[in-house]
J.: 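My structure is below; once you've seen it, I'll send some questions.
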Number of protein chains: 2
Amino acid sequence: MGYTYEYPRPALTVDCVIFGLDGRDLKVLLIERALEPFKGKWALPGGFVNMEENLYDAALRELEEETGVKDVFIEQLFTFGEPGRDPRGRVVSVAYYALVNLKEHPIQASSDARNAAWFPVDELPKLAFDHDAIADMAIKRLRGKVVYQPIGFELLPKKFTLTQLQNLYETVLGVRVNKRNFRTKILKMDILEQCERQQGVAHRPAFLYRFNEGKYKELLEKGFVFEIGGFVKNEQ
Amino acid sequence: MGYTYEYPRPALTVDCVIFGLDGRDLKVLLIERALEPFKGKWALPGGFVNMEENLYDAALRELEEETGVKDVFIEQLFTFGEPGRDPRGRVVSVAYYALVNLKEHPIQASSDARNAAWFPVDELPKLAFDHDAIADMAIKRLRGKVVYQPIGFELLPKKFTLTQLQNLYETVLGVRVNKRNFRTKILKMDILEQCERQQGVAHRPAFLYRFNEGKYKELLEKGFVFEIGGFVKNEQ
DNA sequence: ACAAAAGTGTTGTTCCTACACCCATGA
DNA sequence: TCATGGGTGTAGGAACAACACTTTTGT
């Protein structure tokens with residue numbers, strides 16, 4: 001009974017740092033561990049990789065099993081393999097990060113009755129295993145990547161206003177941006193498609209925009225480089 | 001005899017894409033496989049991860065065992081885990097890339113008598129396993145990273161001329177750069193330390209420069225962002 | 001003197017920053 | 001009519017792209 005190999009092998013898991021944008025807060029979804037080790041501690045959702053699935057699929061599967069979230073952007077972050085990172089023995093974990101739109105993907109109470117909650121990125125509790133380091137790297141990666149790849153849109157609804165988009169950058173990067181300059185820059189890129197206006201707001205309704213991925217890829221071919229940020233702190 | 005686990009586990013390896021700059025060519029070091037599968041085919045150096053070493057150390061160890069190279073810059077690239085990527089069974093590989101200075105780190109004939117050779121990045125032969133995909137991603141990563149992180153220096157001697165540095169960017173990025181503008185930009189960053197002049201060249205000797213890592217980190221604290229490139233093709 | 005590469009001056013243009021101002025809607 | 005956020009004009013300055021030119025070495 002069991003599986004025998006000539007040489008010892010580490011166990012292989014995937015863990016996922018799930019980012020969501022909630023009003024003006026960037027948040028991470030954590031799960032309360034139901035079992036030892038670290039029972040009762042907050043941790044990243046994750047689990048063991050099956051033998052017949054690839055890593056990407058494993059991350060998506062664990063994400064759905066533990067949070068009900070599916071059809072979201074995920075990307076490999078880093079592989080963590082310090083010998084002592086799991087008290088049960090050698091466990092190597094391939095970490096992913098996910099970007100979800102909180103409005104369109106409400107988190108379900110976990111299917112295995114574990115407790116799940118969103119925490120603002122700068123108020124994370126002490127996490128199980130080395131998940132602090134994983135979350136930390138994910139935040140840095142997101143901050144670094146959001147300025148030169150158009151992945152921020154994944155945190156917003158399909159259609160969004162320019163102010164929402166600006167708030168996204170301000171929140172993720174932790175800076176204030178000048179409205180005039182932000183708009184000029186993002187619109188000049190010509191990767192946003194203008195849609196209808198907002199409705200039912202107590203002020204002048206804003207235009208909604210959609211990220212035009214086709215146009216973006218077309219521009220990429222011609223040597224276009226997406227780049228937003230490098231903004232100066234302005235307006236307090 | 002052997003190691004038994006309750007659930008099956010993939011084997012875990014590290015593979016390494018080693019870049020070297022040779023005159024005006026960016027090259028990758030490959031090893032000819034001595035054993036099946038893919039016996040006689042070219043492949044990336046790599047091997048199994050030991051149970052008591054972390055992934056970074058495993059990559060460094062394999063690098064030294066197979067090429068004699070040590071004390072070089074390496075960084076995790078990506079983890080490849082498609083179920084069918086190795087005909088012997090499920091093998092997950094954590095890929096690293098390394099930057100070496102060919103002058104200061106000559107490659108030794110491999111300790112296990114395997115054949116090793118440098119190949120220009122755009123003339124790579126068909127590789128074993130999914131190593132084509134790994135090498136491909138490494139090249140893209142290097143091209144992407146070299147413009148916003150000062151890692152290119154790892155490919156040069158400790159002391160280098162500005163022309164060498166410019167050639168590095170031209171080679172890696174595959175563009176031509178205007179000499180005047182390149183110099184103005186890189187010197188204004190204030191991360192290079194001027195040293196003595198070159199000697200014994202049949203023309204006006206150039207100043208040598210050294211990358212000042214301390215200064216760079218100091219500037220980082222103040223919000224400095226390294227960025228070179230975004231150059232226009234110029235001068236043919 | 002010449003070849004070869006190092007190194008500098010400068011100009012027109014584009015892009016960035018900061019600030020001020022007007023506009024449309026619901027309450 | 002007011003509050004609220006949407007949206008635009010523009011001036012001054014910094015950074016960029018392109019080109020031409022001078023300097024210093026070995027042969």
Side-chain angles (χ1 to χ4, degrees), chain A residues 23-24 147-148 156-157 159-171 173 175-210 219 223-236, chain B residues 23-24 147-148 156 159-171 173 175-209 219 223-236:
Chain A
R24 287 198 166 233
V147 307
Y148 67 89
L156 295 177
K159 294 178 179 181
F160 49 84
T161 69
L162 293 183
T163 301
Q164 284 179 297
L165 187 60
Q166 179 175 343
N167 283 340
L168 158 69
Y169 281 98
E170 291 184 334
T171 303
L173 298 177
V175 295
R176 236 88 248 278
V177 173
N178 179 286
K179 181 172 56 160
R180 182 61 170 115
N181 301 340
F182 179 80
R183 283 162 187 249
T184 305
K185 190 160 180 177
I186 195 89
L187 287 178
K188 184 145 47 68
M189 286 186 195
D190 198 26
I191 56 173
L192 296 185
E193 189 184 333
Q194 198 179 61
C195 306
E196 72 280 8
R197 280 184 184 278
Q198 256 182 338
Q199 288 188 347
V201 286
H203 53 77
R204 177 176 175 177
F207 277 109
L208 293 169
Y209 290 84
R210 192 203 327 256
L219 288 170
F224 168 76
V225 182
F226 179 89
E227 219 256 293
I228 195 89
F231 287 112
V232 177
K233 266 191 283 285
N234 170 24
E235 300 175 9
Q236 147 63 290
Chain B
R24 289 200 164 230
V147 307
Y148 67 91
L156 295 178
K159 295 179 181 181
F160 49 84
T161 68
L162 293 183
T163 301
Q164 284 180 297
L165 187 59
Q166 177 175 344
N167 283 341
L168 159 69
Y169 281 97
E170 291 184 334
T171 303
L173 298 177
V175 295
R176 235 91 248 274
V177 173
N178 179 286
K179 180 173 57 163
R180 181 63 168 114
N181 301 339
F182 178 81
R183 282 161 187 249
T184 306
K185 189 161 181 178
I186 195 87
L187 288 178
K188 184 144 46 67
M189 288 186 193
D190 198 26
I191 56 173
L192 295 185
E193 190 184 332
Q194 197 179 63
C195 305
E196 72 279 7
R197 282 184 182 277
Q198 258 183 337
Q199 287 190 346
V201 285
H203 53 77
R204 177 175 176 178
F207 276 110
L208 293 168
Y209 289 84
L219 288 171
F224 168 77
V225 182
F226 178 89
E227 220 256 292
I228 195 88
F231 288 113
V232 177
K233 265 191 282 285
N234 171 22
E235 300 175 10
Q236 149 64 287

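Naming: A, B, ... by sequence-line order, numbering from 1 per chain.
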J.: Could you tell me if the side chain of A:Phe182 sits less than 4.5 Å from the side chain of A:Leu165, heavy atoms only?
T.: yes
J.: Any side-chain N or O of B:Thr163 less than 4.0 Å from the OP1 or OP2 oxygen of C:dA5?
T.: no
J.: Ignoring backbone atoms, test whether A:Arg197 places a side-chain nitrogen or oxygen under 4.0 Å from the OP1 or OP2 oxygen of D:dG5.
T.: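 A:Arg197 to D:dG5 OP1/OP2: no side-chain N or O under 4.0 Å.
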J.: With no hydrogens and no angle check, do the side chains of B:Thr163 and B:Arg183 hold a donor and an acceptor under 3.5 Å apart?
T.: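 Note: B:Thr163 and B:Arg183 side chains meet the donor-acceptor criterion.
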J.: Given atom CD of B:Gln166 and atom C1' of C:dA5, what is their separation to the nearest angstrom?
T.: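 Rounded to the whole Å, the gap is 12 Å.
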J.: Check the distance between D:dA18's C1' and B:Lys185's NZ and give it to me in whole angstrom.
T.: 15 Å
J.: Report the C-alpha separation of A:Asn167 and A:Phe160 in whole Å, then their side-chain angles, then the decisive distance to 0.1 Å, and conclude whether the side-chain contact (heavy atoms from CB on, under 4.5 Å) test is met.
T.: CA-CA 11 Å; A:Asn167 283 340; A:Phe160 49 84; over 6 Å; no
J.: May I have the distance from A:Lys188 (atom NZ) to D:dG9 (atom P), rounded to whole angstrom?
T.: 15 Å
J.: For B:Tyr209 and B:Gln194, which heavy atoms make the closest approach, and how far apart are they?
T.: OH-NE2, 3.0 Å
J.: Figure out the CD1/C1' separation between B:Ile186 and D:dA15, and round it to whole Å.
T.: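 Between C1' of D:dA15 and CD1 of B:Ile186: 16 Å.
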J.: Specify the separation, in whole Å, of atom CZ of A:Phe160 and atom P of D:dG5.
T.: 20 Å
J.: Calculate the interatomic distance between A:Glu227 atom CD and D:dA15 atom P; express it in whole Å.
T.: 15 Å
J.: Okay, side chain of A:Gln198, backbone of A:Ala206: is any donor-acceptor separation there less than 3.5 Å?
T.: yes
J.: To the nearest 0.5 Å, tell me how far A:Leu168 CG sits from A:Leu156 CG.
T.: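 So the CG of A:Leu168 and the CG of A:Leu156 are separated by 5.0 Å.
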J.: Under a plain distance cut-off of 3.5 Å, with no hydrogens placed, do A:Glu227 and A:Tyr148 share a side-chain donor-acceptor pair?
T.: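 There is no such pair between these side chains.
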J.: By a strict heavy-atom criterion of less than 4.0 Å, which residues belonging to residues 198-209 of chain A are in contact with DNA chain C?
T.: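 Contacting residues: A:Val201, A:Ala202, A:His203, A:Arg204, A:Pro205.
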J.: Should the heavy atoms of other residues, nucleotides or ligands under 6.0 Å from CD of B:Gln199 be counted, would the total exceed 12?
T.: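 Incorrect, the count does not exceed 12.
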J.: If I take atom CE in residue B:Met189 and atom C1' in nucleotide D:dA15, what distance separates them, rounded to the nearest angstrom?
T.: 13 Å
J.: Determine whether a donor-acceptor pair (N or O, by modelled atom type, separation under 3.5 Å) exists between the side chain of A:Gln166 and the backbone of A:Val177.
T.: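 Here the side-chain-to-backbone pair exists.
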J.: What is the distance, rounded to the nearest whole Å, between atom CZ of A:Phe182 and atom P of D:dG6?
T.: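 Taking CZ of A:Phe182 and P of D:dG6, I get 12 Å after rounding.
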J.: Could you list the protein-to-nucleotides 8-10 of chain C atom pairs, N/O on both sides, closer than 3.5 Å?
T.:
{"residue": "C:dG9", "atom": "N7", "partner": "B:Arg180", "partner atom": "NE", "Å": "2.9"}
{"residue": "C:dG9", "atom": "N7", "partner": "B:Arg180", "partner atom": "NH2", "Å": "3.0"}
{"residue": "C:dG9", "atom": "O6", "partner": "B:Arg180", "partner atom": "NE", "Å": "3.1"}

